[in-house]
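Here is the structure we will look at, set down as structure tokens.
Both backbone and side-chain heavy atoms feed into the values below; hydrogens, waters and symmetry mates do not. Residue numbers begin at 1 in each chain, while the letters A, B, ... track the order of the sequences.
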Amino acid sequence: MKILVTGAAGQLSRLVSLALAEQGHEVLGLDLRPMRHRDFPGPFERVKRYDHRQVDEVFRSRAPDVLLHLGIRAGGFQAEARQRYTQNVLGTRHLLSLCRRNALDRVVVLGTYHVYGAHPNNPTFIPEDAPLRAVQNFPELLDAVELDHTVTTFLWQHKDEIPTVLLRPVNIMGPHLRNQVSTLLRGAVCPRLLGFNPMQQFLHESDLVRALVQVLEGSESAVYNLCGEGEVPWRRAIQIAGARELPLPHTIAYPAIRLLSRLNIAFPEHLMDFFRYPVIISDDAIRSRYPWRPEVSVVDTLRSLHDVPPDAPLGRSNVAS
Amino acid sequence: MWSILDRLGDDPFTPQERDALRAAVGVSSAGYDPWGFNLETAERTLRVIRYLYRDYFRTQVFHPERVPEGRVMVVANHGGQIPLDGMILATSMMLDIEPPRLVRGMVERWVPGLPWFSTLFTRCGQVVGDPGNCEELLRRDQSIMVFPEGAKGSGKDWWHRYQLQTFGTGFVRLALQTKTPIVPVGIIGSDDTYPSLYSSRRLGKLIGAPYLPITPLFPWFGPLGLIPLPVQIHVRFGDPLYFEGDPDESEAEVERKVAQVRASIQGLLDEGLSARPRLKQLDRWARLGR
């Protein structure tokens, strides 16, 4: 298969692409950012500021069979809301329409479990059909939720034409990845809210790579939650990761983080809710369809954060197949 | 800091019992179950609660052998303003039933918003009262504790002591759906720990609670009024009830089964009160207030 991987300049796309290349697939990278990895196993196209015509041309000239959309959170949380919306929601919508026009065989999109929102009344084991409550408290998550809706609408409307899968993984951790939560856990001090210690789920990067490879080879249309081996409270996670706890009273923490995140020196405020209320999702659906099971325990996942310096180049042998 | 509690009294469990409990609950590699239960924290809490259970309330358990093996739904009467009866019942299943059983209580939806308490409750195995949680727990062979009277039961005043209020019906549907045996329980004594003369919904609203009880000691004596009266508590287990049928059957059909559970608990209460003539005598005074 010829697989178009978006977000190709990122570490996760690189890991997945290496695993896919090892399976004998042809990989083609696409990103808004310049490519930094020398070992990306295929050609790479850079599209600055999501130019529709340029992307059309990539589809026309390269004729991919499969879209693996990993670049959905382009711009990060620091980017301006409107720009993020244009890139993520409208960009994804355009990509999906291109998949239809070019009659691709399969689309796999990586979403996030943040769309469920950290809500005090969340049941444990949130299924895929649960309401997406993230925007109730934090409108900043609108683009994540809209994107999720865009993909699910596409998924059901065109499920006979293009089998599409939307994955909603929990916090993805690993030696190579730098995201909001892994950066916090790698830091010298990690914030927690005084009196709150909600359960968290973590997924190791290699488990995610294996899940993506299996799902790419499937032929159904579905939405799947993805979580790791077990659950662990946030404080225990900080201890296992080897960071020092910074206890903050929530009355002070929320306004402080809001201010700091506006100045681009802290994580987004909505993450604070995830340190307050548990969001435990159920991955029964993917387990009943695929042989995939998480192989790295939650303790090892958190310990692996310090395994190798995240920027060190990684050989193929390190990638789980 | 809390490890000092580990030296309080005898170990509640043998190492084998500990392993069995962990296996029954299904804890992760980090030692926690998905809802946040952790045996170490629960055991520490149990060491403290044991004093209340054994020395303060001098709890007696009748017919623990009636609790069948495997998952059960323990259904009891509710009383006494604060869920002391839930704590006593859960403790009795840990300390006075062989082998020890973790039974999950359901807490109100506002509890996760409470700092510290929310964490302590979850570590001890309590979960937010959500039908999804109950179903998932039973599906994983965990036992749950249900007070079908809800706040109507715990908030009733002393004049209506040991009078069962109307039951919710959801628990029977859940039992039918998951084919779980229902163990009726009668708890005697808890209705007299906080003899509420008057329950004020309006005052309760002010502090965001469903009701606020006025007892001979509360709020007149301040925090002193929060201390429960040291009434001896009896926990009576009844014979398990096995229901069969369609979980989606009509409300009338389900209500018939609920009535059966209610009658069974009423029987246990009558039996338990007859065994406590001095507590039963108080009913003469309670009747005056009805």
CZ on A/Arg236 to OG on B/Ser28, rounded to 0.5 Å: 9.5 Å
Under 6.0 Å from the CD atom of B/Glu251, do we count more than 12 heavy atoms belonging to anything else shown? yes
If I measure from the heavy atoms of chain B, does A/Phe125 come under 4.5 Å with its side chain, its backbone, both, or neither? side chain
Has A/Arg258 got more than 12 heavy atoms of other residues, nucleotides or ligands less than 6.0 Å from its CZ? yes
Report yes if the side chains of A/Phe196 and B/Ser118 come closer than 4.5 Å at any heavy-atom pair, otherwise no. yes
Write out, in numerical order, the residues from residues 281-298 of chain A with a heavy atom short of 4.5 Å from a heavy atom in chain B. A/Asp284, A/Ser297, A/Val298
Relative to chain A, which of B/Asn133, B/Val27, B/Asp130 shows the most heavy atom pairs under 4.5 Å? B/Asn133
Between B/Asn38 and chain A, with a heavy-atom cut-off of 4.5 Å, which part of the residue counts as in contact: side chain, backbone, both or neither? neither
Whether the side chain of B/Thr122 engages the backbone of A/Pro198 through a donor-acceptor N/O pair (distance < 3.5 Å, no angle test) should be reported. no
Is it true that, when you exclude B/Ile4 itself, more than 12 heavy atoms of the residues, nucleotides or ligands shown sit nearer than 6.0 Å to its CD1? no
Measure the CG-CG distance between B/Leu120 and A/Asn197 for me, rounded to the nearest 0.5 Å. 11.5 Å
Scored by heavy-atom pairs under 4.5 Å with chain A, the best of B/Val127, B/Leu114, B/Val128 is B/Leu114
What residue in A/Pro233, A/Pro127, A/Ala237, A/Pro120 has the most heavy-atom pairs under 4.5 Å with chain B? A/Pro233
By a 4.5 Å heavy-atom criterion (distance strictly below it), what part of A/Leu194 contacts chain B: side chain, backbone, both, or neither? both
Are the side chain of B/Glu136 and the backbone of A/Thr124 linked by a donor-acceptor contact shorter than 3.5 Å? no
Please give me the minimum heavy-atom distance between B/Ala30 and A/Glu231, naming the atom from each residue. CB-O, 4.3 Å
